[in-house]
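These numbers were taken from a predicted model, which means no experiment stands behind them. Within every chain, numbering begins at 1; the chains are lettered A, B, ... in the order of the sequence lines, protein sequences first and strands thereafter.
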Amino acid sequence: DSGVTQTPKHLITATGQRVTLRCSPRSGDLSVYWYQQSLDQGLQFLIQYYNGEERAKGNILERFSAQQFPDLHSELNLSSLELGDSALYFCASSVGGREGSYEQYFGPGTRLTVT
Amino acid sequence: QQQVKQSPQSLIVQKGGISIINCAYENTAFDYFPWYQQFPGKGPALLIAIRPDVSEKKEGRFTISFNKSAKQFSLHIMDSQPGDSATYFCAASPLESNTGKLIFGQGTTLQVKP
C-alpha cells in the first residue's frame with residue numbers, strides 16, 4: 001500500500017458526460033501528479049500540482065482540468081467524454097519542492113470506461 | 001526529445017536467470033531515472049532509481065546500470081523469481097525543471113517460468 005488513495009476504483013459513463021476523479025496524497029506529500037495509462041499511449045503525464053499551485057502540464061486535453069485543494073487532495077475533472085478517454089487514471093504523490101524528494105508513489109488508479 | 005525508448009517489449013526468463021531491460025533517452029536535461037514495477041490491476045510501484053552522478057546502483061536483486069555518455073540505462077534482475085512476473089517501466093525526469101514529472105518508457109512484460 002503506497003499510502004495514496006484514489007476514488008472511485010471504477011467508473012462507467014457515457015460519451016459527452018463529465019466525471020471527477022479524486023486523489024488523496026501520502027501524508028506529508030505536497031506534490032500530486034496525474035497520469036493516464038492506455039494500451040496505445042502507455043503511461044502519460046497529464047498535470048502536476050505542488051501545494052495548491054499548478055507546477056507542470058503534460059499532454060492534457062483542454063476538456064480535462066485539475067485542482068489541488070488546501071487539504072492537498074486533488075481532483076481531475078474530465079468533461080465531454082469520448083470513447084478514447086477510456087483508460088486507467090493514476091494519481092501519484094511526492095514530497096516535492098526544490099529540496100525535497102521526487103520519489104513518486106502511485107495510487108491504485110481509477111479505471112474509466114466511456115460507452 | 002521527450003521520449004524514453006524501452007526494450008524489449010516482452011521477456012521470458014527461467015527461474016534463477018537474469019532479466020535485463022534496457023532504456024534509452026535523448027534529452028540531456030533528464031537527471032533522475034526510476035524503474036517501476038506494475039502488477040495487473042495495481043498502480044506502478046517504485047523499485048529503484050538512479051541519478052546520473054553514479055554508474056550503478058544495487059538494491060537486493062535489482063541493479064540499475066547507467067551510461068551517461070550513451071544516454072542509456074538498464075535494469076538487471078538477478079535470480080529472477082516467478083513472483084517477479086510483472087510489467088516494468090523505466091522513466092526519466094528533468095528534476096532541474098523543478099517538476100519531477102516522469103516520462104515513461106513503453107513497458108516490458110516479464111514472465112519468469114518456474
Side-chain angles (χ1 to χ4, degrees), chain A residues 1-7 9-10 21 23 25-26 29-51 53-60 66 87-111, chain B residues 1-10 21 23-25 27 29-53 57 59 62 64 75 86-110:
Chain A
D1 183 0
S2 66
V4 178
T5 61
Q6 289 187 250
T7 56
K9 191 164 184 175
H10 300 279
L21 313 184
C23 167
R26 294 186 318 159
D29 285 358
L30 299 179
S31 262
V32 169
Y33 306 78
W34 288 97
Y35 293 87
Q36 180 192 58
Q37 185 174 36
S38 61
L39 281 174
D40 55 343
Q41 296 291 326
L43 263 166
Q44 292 223 312
F45 169 72
L46 294 178
I47 196 164
Q48 177 204 2
Y49 278 81
Y50 174 72
N51 204 20
E53 293 190 2
E54 183 183 304
R55 177 64 64 89
K57 239 177 181 176
N59 297 325
I60 187 166
L88 269 167
Y89 291 85
F90 288 105
C91 166
S93 74
S94 71
V95 172
R98 183 169 287 280
E99 303 300 327
S101 167
Y102 284 97
E103 292 181 352
Q104 291 183 33
Y105 295 87
F106 281 71
T110 293
R111 181 174 293 280
Chain B
Q1 263 227 330
Q2 284 292 314
Q3 281 187 325
V4 176
K5 294 183 180 179
Q6 183 172 344
S7 63
Q9 192 173 0
S10 62
I21 305 170
C23 284
Y25 64 97
N27 190 346
F30 290 150
D31 55 2
Y32 172 67
F33 304 89
W35 284 89
Y36 282 83
Q37 178 190 58
Q38 186 178 27
F39 292 104
K42 304 289 186 183
L46 179 63
L47 259 183
I48 185 173
I50 199 167
R51 299 292 302 271
D53 51 346
K57 183 174 181 180
E59 287 184 4
F62 300 93
I64 299 180
L75 176 70
T87 300
Y88 292 81
F89 293 92
C90 63
S93 179
L95 291 189
E96 283 300 313
S97 68
N98 202 24
T99 73
K101 67 179 181 183
L102 293 174
I103 309 301
F104 282 91
Q106 286 299 99
T108 296
T109 302
L110 170 66

| Spatial distance of atom CZ (A/Phe106) from atom OH (B/Tyr36) [nearest 0.5 Å] | 5.0 Å
| said: Looking at A/Arg26, I want to see if its CZ is surrounded by more than 12 non-hydrogen atoms of other residues, nucleotides or ligands under 6.0 Å. | reply: yes
| pair A/Tyr102-B/Ser93: side-chain heavy atoms closer than 4.5 Å | no
| task | Taking salt bridge (Lys or Arg N to Asp or Glu O under 4.0 Å) as the test, write out the residues that go with B/Lys57, two or more places apart. | result | B/Glu59
| note | Cut-off 4.5 Å, heavy atoms of chain A, and the answer for B/Pro44 is both
| request: Could you tell me the separation between the OG atom of A/Ser94 and the CG atom of B/Leu102, rounded to the nearest 0.5 Å? | output: 9.0 Å
| query | At their closest point, which heavy atom of A/Gln37 faces which heavy atom of B/Phe89, and how far apart are they? | reply | NE2-CZ, 3.4 Å
| Heavy-atom closest pair, residues A/Phe90 and B/Gln38 | CZ-NE2, 3.4 Å
| task | Keeping the roles fixed (side chain from A/Gln104, backbone from B/Gly100), state whether a donor-acceptor pair exists under 3.5 Å. | result | yes
Report all side-chain donor-acceptor pairs from residues 38-47 of chain A shorter than 3.5 Å, counting only partners two or more places apart or in another chain.
from: A/Ser38; atom 1: OG; to: A/Asp40; atom 2: OD1; distance (Å): 3.0
from: A/Ser38; atom 1: OG; to: A/Gln41; atom 2: N; distance (Å): 3.2

